[in-house]
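Notes follow once the structure below has been shown.
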Amino acid sequence: ETNRMSVNSYIDERTAWELYYPPFEAAVQAGLGAVMCAYNRANGKFSCENPEMLRQDLKQKMGFSGFVMSDWTATHTPDAISLGLDEEMPGFIEPRVISDALGAVKF
């Protein structure tokens, strides 16, 4: 839990496929229905906004057909949906963000 918002792990493709991905591949083959992405960054990108990991590796190469949801407050930009995230879990929203959003609404 310590530093979970600031960790950035760099993993080359070979290490990912040989060490980290096999448990995920086994789960996908067993019919896994959902995956939760985390707070940390991988190769410089937030896990919930990492198209190489979510779209390319998980969905295309592993054949995952379920949905990817974020951990609570693990989504950082609206772009996450176009980068492989399917469902954003809510979390703490700064009052400034709410104020900015309400100010943009036309009544």
Side-chain angles (χ1 to χ4, degrees):
E1 289 291 312
T2 304
N3 299 320
R4 67 181 173 177
M5 301 289 197
S6 60
V7 170
N8 184 15
S9 300
Y10 287 91
I11 307 145
D12 64 272
E13 188 172 0
R14 180 177 177 182
T15 302
W17 284 100
E18 291 182 4
L19 184 63
Y20 295 107
Y21 285 173
F24 289 95
E25 288 180 293
V28 168
Q29 291 170 2
L32 177 71
V35 170
M36 179 180 277
C37 51
Y39 302 98
N40 61 302
R41 294 178 195 224
N43 296 335
K45 297 176 184 170
F46 286 108
S47 296
C48 293
E49 301 175 15
N50 192 319
E52 291 82 16
M53 290 177 64
L54 298 178
R55 284 195 319 219
Q56 178 184 312
D57 294 347
L58 181 64
K59 293 181 177 182
Q60 293 172 1
K61 292 182 180 177
M62 290 186 209
F64 178 64
S65 60
F67 68 95
V68 177
M69 64 185 202
S70 71
D71 203 341
W72 295 81
T73 69
T75 305
H76 298 273
T77 70
D79 296 332
I81 296 297
S82 66
L83 299 173
L85 183 68
D86 298 308
E87 178 184 17
E88 176 186 6
M89 298 306 288
F92 175 76
I93 300 174
E94 295 180 34
R96 177 193 52 78
V97 174
I98 294 172
S99 176
D100 291 350
L102 290 174
V105 175
K106 305 288 184 209
F107 292 98

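Residues take their numbers from the sequence shown, with the count starting at 1.
Of the possible donor and acceptor atoms, one in the side chain of Ser47 sits under 3.5 Å from a partner among the backbone N and O of Asn40. Remark: the backbone N or O of Met89 is paired with a side-chain donor or acceptor of Ser70 at under 3.5 angstrom. Of the possible polar contacts, none joining the Glu87 side chain to the Phe67 backbone as a donor-acceptor pair under 3.5 Å is found. Arg41 places no side-chain N or O within donor-acceptor distance of the main-chain N or O of Asn50, the cut-off being under 3.5 Å.
Criterion: ILVMFWY side-chain heavy atoms under 4.5 Å apart, direct or through other members. Under it, Leu58 and Leu32 are part of a common hydrophobic cluster.
Rounding to the nearest 0.5 angstrom, the gap separating the CH2 atom in Trp17 from the CZ atom in Phe24 is 11.5 Å. Remark: Glu52 CD to Asp57 CG distance equals 8.0 Å, nearest 0.5 Å. For the atom pair CG (Asp71) and CE (Met36), the distance works out to 4.5 Å, reported to the nearest 0.5 Å.
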*asked:* Run Leu54 and Val35 through side-chain contact (heavy atoms from CB on, under 4.5 Å) and show every step you take.
replied: CA-CA 10 Å; Leu54 298 178; Val35 170; 5.8 Å; no

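Residues Arg55 and Gly84 approach most closely at CG-CA, 3.7 Å, considering heavy atoms. Annotation for Cys37 and Leu85: closest pair SG-CD1, 3.6 Å, computed over non-hydrogen atoms. Here the closest non-hydrogen pair linking His76 and Tyr39 is NE2-O, 4.2 Å. Residue Cys48 comes nearest to Ala80 through the heavy atom pair O-CB, 3.6 Å, listed as atom of the first residue, atom of the second, then distance.
Put simply, the side chain of Thr75 does not reach to within 4.5 Å of the side chain of Phe46, judged on heavy atoms. Using a 4.5 Å cut-off on side-chain heavy atoms (C-beta onward), Lys59 and Val68 make contact. Looking at Pro51 and Lys45, their side chains come closer than 4.5 Å, going by heavy atoms from C-beta outward.
Partners of Glu13 according to the side-chain hydrogen bond (donor to acceptor under 3.5 Å, both in side chains) rule, which considers only residues two or more places apart in sequence or in another chain, are Lys61. Every residue meeting the side-chain contact (heavy atoms from CB on, under 4.5 Å) condition with Thr15, not counting sequence neighbours, appears here in chain and number order: Ile11, Asp12, Leu19, Tyr20.
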